Amino acid sequence: MATSGLTAEQKRFYDENGFVVCQGLLTAREAQALRQEVHELAERLAKFRDINAAWATIQHTKTVVQHCHDVQFYSAAFSRLIVDPRFTAVAASIIGPNVQLHHTKMFIKPPEKGAPFPMHQDYPYFPHQRHTMIAAIFHFDDAPVERGCVRFVPGSHKLGPIPVSTPDSSLPPDQYPIDKAVPCPANAGDVVFFNYLTIHGSGINASLEARTTLLVQMRDPTDPPLKRTHESRGQGMMLAGVDASCCTTKALDVPAEAPLVTGNKR
Ligand SMILES: O=C(O)CCC(=O)C(=O)O
């Protein structure tokens, strides 16, 4: 995998579909080491608190997804990963040369009972003015369909924000069934990039192996949030380029002196 970002063909695919897979961005050995970091972190955290983050609208399925936000505050391996030039070059191909961190979160979908993610856009959780926000999902083990790989509605980023009224801001499953979305199976070391307007979700992990990922959310530093929400400790760190605006990312809805709101789950 080169450090020069997306090829012209990959960029065309991204622009058309709202997502793109970068195969082999990490080596199998790197992915294996990071998988271990994630699992060790989950074990440490689980001694102190409940780390299940299954969404409100799928609680009835009795499935589980282990989760932690801002993982770079728990292990330096993740700090190194999010500024890796192989990664930031791809993010810069999509966002532009200046790439700012919004947040990170790790997920382990455990074997047999790994929770699905209902179909949703990321927009309602942290709306921004110019929609430069993207996510990247690092895969630290293989994620075939039966392990609950991520799924997309291709081209849905062109629809703009869709109004939602569910308790967790997911889209109604009768209109947006997970199994009708296009599966995006990935191997350990692959990274999937997508826009925060692209409708996505993922199925249950019914296999005998865990699905282990790290999601990194990023934006152009000159794209301001529409409201002060979903803030976190690592937010604002530059992953590539500069923040020449020196803080235009202040939320548009409240004065700067409002208290910092932090939260781990949606
Ligand atoms: O990891 C997945 O399957 C999807 C995660 C996701 O959509 C999210 O956290 O917004």
Side-chain angles (χ1 to χ4, degrees), residues 18-21 31 34-35 38-39 42 51-58 61 63-71 101-111 113-128 131 133-154 156-157 161-162 164 166-171 173 176-188 190-207 209-219 229-230 232 235 263-266:
F19 70 95
V20 67
V21 186
L34 287 157
R35 181 186 195 280
V38 170
H39 283 256
I51 58 168
N52 181 24
W55 285 28
T57 49
I58 54 97
T61 64
T63 52
V64 170
V65 61
Q66 295 184 308
H67 149 275
C68 172
H69 256 68
D70 299 323
V71 290
L101 181 65
H102 192 262
H103 66 273
T104 65
K105 53 188 176 183
M106 64 85 153
F107 291 120
I108 302 173
K109 285 191 184 188
K113 54 169 187 184
F117 285 85
M119 298 303 288
H120 63 281
Q121 294 180 312
D122 288 333
Y123 170 87
Y125 310 104
F126 31 83
H128 279 59
H131 309 319
M133 184 79 76
I134 64 167
I137 299 182
F138 282 93
H139 290 78
F140 299 143
D141 40 33
D142 294 345
V145 172
E146 61 275 17
R147 272 195 216 172
C149 69
V150 68
R151 290 169 174 260
F152 295 104
V153 177
S156 51
H157 62 307
I162 299 170
V164 279
T166 50
D168 55 12
S169 297
S170 59
L171 293 161
Y176 300 92
I178 296 176
D179 58 355
K180 292 285 181 296
V182 174
C184 185
N187 292 319
D190 294 352
V191 185
V192 180
F193 293 79
F194 56 98
N195 186 268
Y196 85 154
L197 290 171
T198 308
I199 298 172
H200 63 284
S202 61
I204 287 181
N205 180 10
S207 79
E209 303 289 337
R211 195 210 73 170
T212 311
T213 54
L214 173 68
L215 189 151
V216 184
Q217 205 92 41
M218 301 156 281
R219 66 185 173 200
T229 183
H230 210 292
S232 60
Q235 204 163 103
N264 244 9
K265 295 186 183 174
R266 294 192 183 278

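The residues of the chain are indexed from 1 along the displayed sequence. The structure presented is a predicted model; accordingly, all values stated were derived computationally and were not measured. Order of appearance sets the numbers: ligands from 1, and atoms from 1 within every ligand.
Judged as a side-chain hydrogen bond (donor to acceptor under 3.5 Å, both in side chains), not a single pair has a partner in residues 144-154 (not counting sequence neighbours).
Every atom of ligand 1 is numbered from 1 in the order shown, and the set under 4.0 Å from a heavy atom of Lys105 is 8 (C), 9 (O), 10 (O). Interface atoms of ligand 1 facing Asp122, defined by a heavy-atom separation under 4.0 Å, are 10 (O). Using a 4.0 Å cut-off to heavy atoms of His200, the atoms of ligand 1 that qualify are 6 (C), 7 (O), 10 (O). Interface of Ser202 with ligand 1, defined as ligand atoms under 4.0 Å from a residue heavy atom, comprises 2 (C), 3 (O).
For the pair Thr213 and ligand 1, the shortest N or O to N or O distance does not fall below 3.5 Å. Close N/O approach between Lys109 and ligand 1 is not found [any backbone or side-chain N/O within under 3.5 Å]. Taking distance alone, with nitrogen or oxygen atoms compared against 3.5 Å, Trp55 stays at or beyond that limit from ligand 1.
In this structure, the separation between OG on Ser202 and CZ on Phe152 is 9.5 Å, given to the nearest 0.5 Å.
Two rings, from Trp55 and Tyr125, have their centers less than 6.0 Å apart.
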Take Phe126 and His103 through the ring pair (Phe, Tyr, Trp, His ring centres under 6.0 Å) test and state the conclusion after the steps. CA-CA 11 Å; Phe126 31 83; His103 66 273; 5.3 Å; yes
Audit row: His157, His131, ring pair (Phe, Tyr, Trp, His ring centres under 6.0 Å) steps and yes/no: CA-CA 10 Å; His157 62 307; His131 309 319; over 10 Å; no
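A donor-acceptor pair shorter than 3.5 Å cannot be found between the side chains of His139 and Asp141.
Between Arg211, His120, Met119, it is His120 that holds the heavy atom closest to atom 6 (C) of ligand 1.
Under 4.0 Å from ligand 1, not a single heavy atom of Arg147 appears.
Residues forming a salt bridge (charged side-chain N to carboxylate O under 4.0 Å, His left out) with Asp190 (at least two apart in sequence, or on another chain): none.
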